[in-house]
There are 2 protein chains.
Amino acid sequence: MTAPRLLDVAAAAGVSRATASRVLAGTQRNVDPELARRVEEAARHLGYRTNHSARALRTGTTGTIGVVVPSLANPYFVQLADALAQQVRAAGGQLVVSDAANDTAVEAEQIETLLGGRVDGLLVVPVSAGASGPAVRAAAQRTPVVLFDRWATGSGTVAVTLDNTAAMRLLLDHLEGLGRHRIALVAADQASSSGAERLAAFTGARGADATTVLLPSFTTDAGRTAGRRIAERHAGIDAVVCGADVLAVGLVSTLQRSAIPVPGRIAVTGFDDTEMLELLDPPITSIRHPLTAMAERALTLLQSPARERSERVERFAPQLVVRSSTDANA
Amino acid sequence: MTAPRLLDVAAAAGVSRATASRVLAGTQRNVDPELARRVEEAARHLGYRTNHSARALRTGTTGTIGVVVPSLANPYFVQLADALAQQVRAAGGQLVVSDAANDTAVEAEQIETLLGGRVDGLLVVPVSAGASGPAVRAAAQRTPVVLFDRWATGSGTVAVTLDNTAAMRLLLDHLEGLGRHRIALVAADQASSSGAERLAAFTGARGADATTVLLPSFTTDAGRTAGRRIAERHAGIDAVVCGADVLAVGLVSTLQRSAIPVPGRIAVTGFDDTEMLELLDPPITSIRHPLTAMAERALTLLQSPARERSERVERFAPQLVVRSSTDANA
DNA sequence: CTGAAAGCGCTAACAA
DNA sequence: TTGTTAGCGCTTTCAG
């Protein structure tokens, strides 16, 4: 029942631990093919697995990347984690995902846990643009850290994000092109860089007195609240831009129950292009993040020398995905 | 930039490594409070983090539990992983989640990776009742393994699952109580124990010639296919039981686009009670798994002596959650 | 109550 | 090309 060690494999193959290691770790070519065969055979026969802790301790590397996301309850972050996992696995590594429960204290704790040689690098989608900074900065002194999808001030490291301003432009141009000019924004979570940037981009384009409904969090419930508020107080609105898909889902459902047709009377757009959008009736127009390219870039930065991770924001171009929630015939 | 070690802390506090360890690992009470204070102060001052690999190598334990789920694209498994993570964290541990991409080969690979001292125990939601067995059995010889939510034959270990037969009873009784008697089942993934059990329970209750639509996988797309098939070929049906929420979502959306009112003409039920159900119009009646209790039980079994994990299936009672998709007024 | 020393399983100099 | 050996950072007997 006790797990076989490298020593057992070496003994079974009649070689030294060093040779067995060279074969099994694939670290050196210079091994007699016959011996290599015997080692591999012995390993298979004994059901040998390299002890991960021992290897990590010896080599100082774990083959594992960690990512801390604000909340897995938001399907967008599940998609994001998946894109990352894909990339990491393709490079022969492993991704471990932590959930910060939308709380900077939990976030700091999760980052702490991942430190201490558990990971070779850390990706963080910071909960807050302000409050997440210190924990990230502290981590960045111990291990390579790259921010993903959101930035945080004082983080001391680079962020790979979406160009939210360009995304907002895409949405507004699209809606205006359909003749919708009385546009409201439903925004949430101003504490996050994405929430703040989307709001800023909207008021920047439409003027500071444009209609905005501000909500605390990126949840469907918040979307419903927004729906109620718009149905009651903003009769003149003919389009609503939501700062996240989950908001749009709650909003559309509430509008429809209030007998306000979408897109008939109000066109609605989401943000993040999560998969669920296609299933709704109507499917919702949204913004797609180039997650694969962003993941690739983030992982490259993680492996680059520290000086290439100086604090700054890299922005990727968004893509508009048009669906029925902004159909023209209305 | 090089991380501080226990030795550095000990030196800074003016004690031996042993004492510093006793304080920081919290493993022994018998340390002079003054020395303990000095050690903690030094650790904080230096930003010391225990090296996880070294501790794991020395103690033979990692504080980490692994779980392999069939696919995180299915929101039910995200919820399930979350319930598990909650429990594990409450016990001071960490959960790492792996995605098997609905493929037994990937599943076996993921299980392999987690072996080799990476985890103290392994939870598996097996992709297939037949094909997943061998990989699980092999793993169970190396580390404690408990199956979760699904079982696999020849696994050699215990499974903590839902009582799918009771769940089907609940659904059918509910629908029949509403006067719906021409009930069809939309089932998927017969290779999984849950898929197979739900189908068997349905035909057991309604007869082998009851209407069933069988699909390959638990996806919304499959649900849409089912919707089309029912709209075209099964005019007499007045209720549809879906073997998973994702199926119900696709089904309802397709029925509605075919101008078949839900629940007006066809009542629909889901299975798994994922959060998205409340957002749809109409919200969908479903079966709730007692995930917290199941998670608790699974973790207890993981820590029990091996003989308590003998191959068998433990079943937990389901709960019916009624929503508008099975409203009576129709 | 504290310290000295051994050793978890592995890899990588270094020597042969 | 192969083996010997040291040691990664930590915890834990065992003495004191």
Side-chain angles (χ1 to χ4, degrees), chain A residues 1-40 42-43 46-64 113 115-120 142-143, chain B residues 1-40 42-43 46-64 113 115-120 142-143:
Chain A
M1 184 61 199
T2 160
R5 295 151 304 156
L6 187 60
L7 184 66
D8 304 319
V9 174
V15 300
S16 70
R17 261 153 58 226
T19 299
S21 171
R22 286 190 266 259
V23 174
L24 266 10
T27 185
Q28 207 143 343
R29 276 264 72 66
N30 309 339
V31 177
D32 186 299
E34 163 60 10
L35 290 193
R37 199 196 53 68
R38 268 171 30 207
V39 169
E40 283 179 343
L46 295 174
Y48 172 77
R49 298 290 115 219
T50 302
N51 182 311
H52 179 255
S53 302
R55 174 178 285 175
L57 179 59
R58 178 64 231 233
T59 62
T61 186
T62 63
T64 303
T113 305
L115 261 31
R118 268 177 207 264
V119 295
D120 294 341
R142 310 276 273 91
T143 196
Chain B
M1 181 62 198
T2 161
R5 294 151 305 155
L6 187 59
L7 184 66
D8 304 319
V9 175
V15 300
S16 70
R17 261 154 57 228
T19 299
S21 171
R22 284 192 267 259
V23 174
L24 264 12
T27 186
Q28 206 145 344
R29 275 264 73 64
N30 308 340
V31 177
D32 185 298
E34 163 59 13
L35 291 193
R37 200 195 53 68
R38 263 161 44 198
V39 168
E40 284 180 341
L46 296 173
Y48 173 76
R49 294 295 114 214
T50 303
N51 181 311
H52 180 255
S53 302
R55 173 178 285 176
L57 179 58
R58 177 64 232 238
T59 63
T61 187
T62 63
T64 303
T113 305
L115 261 32
R118 264 176 209 265
V119 294
D120 295 340
R142 310 272 277 93
T143 196

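Here is how names work: the chains are called A, B, and so on, in the same order as the sequence lines, proteins then strands, and each is numbered from 1.
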Interatomic distance where [atom1] belongs to [X] and [atom2] belongs to [N] [whole Å]:
X: R55(B); N: dC10(C); atom1: CZ; atom2: C1'; result: 20 Å
X: H52(B); N: dT11(D); atom1: NE2; atom2: P; result: 11 Å
X: L57(B); N: dC8(D); atom1: CG; atom2: P; result: 13 Å
X: R17(A); N: dC8(C); atom1: CZ; atom2: C1'; result: 12 Å
X: Y48(A); N: dG9(C); atom1: OH; atom2: C1'; result: 7 Å
X: R142(B); N: dG9(C); atom1: CZ; atom2: C1'; result: 13 Å

Please confirm whether the shortest side-chain N or O distance from N30(B) to OP1 or OP2 of dC1(C) is below 4.0 Å.
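Checking N30(B) against dC1(C): at least one side-chain N or O falls below 4.0 Å of OP1 or OP2.
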Is T27(A) near enough to dA12(C) that one of its side-chain N or O atoms lies under 4.0 angstrom from OP1 or OP2?
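Checking dA12(C) against T27(A), a side-chain N or O does come within under 4.0 Å of OP1 or OP2.
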Provide the closest heavy-atom pair for A20(B) versus V15(B) in the form atom of the first, atom of the second, distance.
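Looks like N-CG2, 4.1 Å.
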Across the strands shown, which category fits T19(A) at heavy-atom distances under 4.0 angstrom: base, sugar-phosphate, nothing?
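T19(A): backbone/sugar contact only, no base atoms under 4.0 Å.
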Kindly indicate whether the side chain of R22(A) and the base of dG3(D) share any N or O donor-acceptor pair separated by less than 3.5 Å?
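Result: at least one qualifying N/O pair found.
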Quick one: does R58(A) reach the base of dG9(D) with a side-chain donor-acceptor pair under 3.5 Å?
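It does not, because no donor-acceptor pair links the side chain of R58(A) to the base of dG9(D) below 3.5 Å.
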Could you tell me the separation between the [atom1] atom of [X] and the [atom2] atom of [Y], rounded to the nearest 0.5 Å?
X: R49(B); Y: L115(A); atom1: CZ; atom2: CG; value: 7.0 Å
X: L57(A); Y: R58(B); atom1: CG; atom2: CZ; value: 12.5 Å
X: T50(A); Y: R118(B); atom1: OG1; atom2: CZ; value: 9.5 Å

Given side chains that start at C-beta, do those of V39(A) and L24(A) come closer than 4.5 Å, heavy atoms only?
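They are in side-chain contact.
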Is any side-chain heavy atom of H52(A) less than 4.5 Å from a side-chain heavy atom of T113(B)?
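H52(A) does not reach T113(B) side chain to side chain.
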From the set dT2(D), dC10(D), dT4(D), return the single nucleotide nearest to any side-chain atom of A18(A).
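Selected nucleotide: dT4(D).
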Check step by step if salt bridge (Lys or Arg N to Asp or Glu O under 4.0 Å) holds for R37(B) and E40(B).
CA-CA 5 Å; R37(B) 200 195 53 68; E40(B) 284 180 341; over 6 Å; no
Contact residues, residues 5-15 of chain B to DNA chain C [heavy atom, < 4.0 Å]:
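Output list: V15(B).
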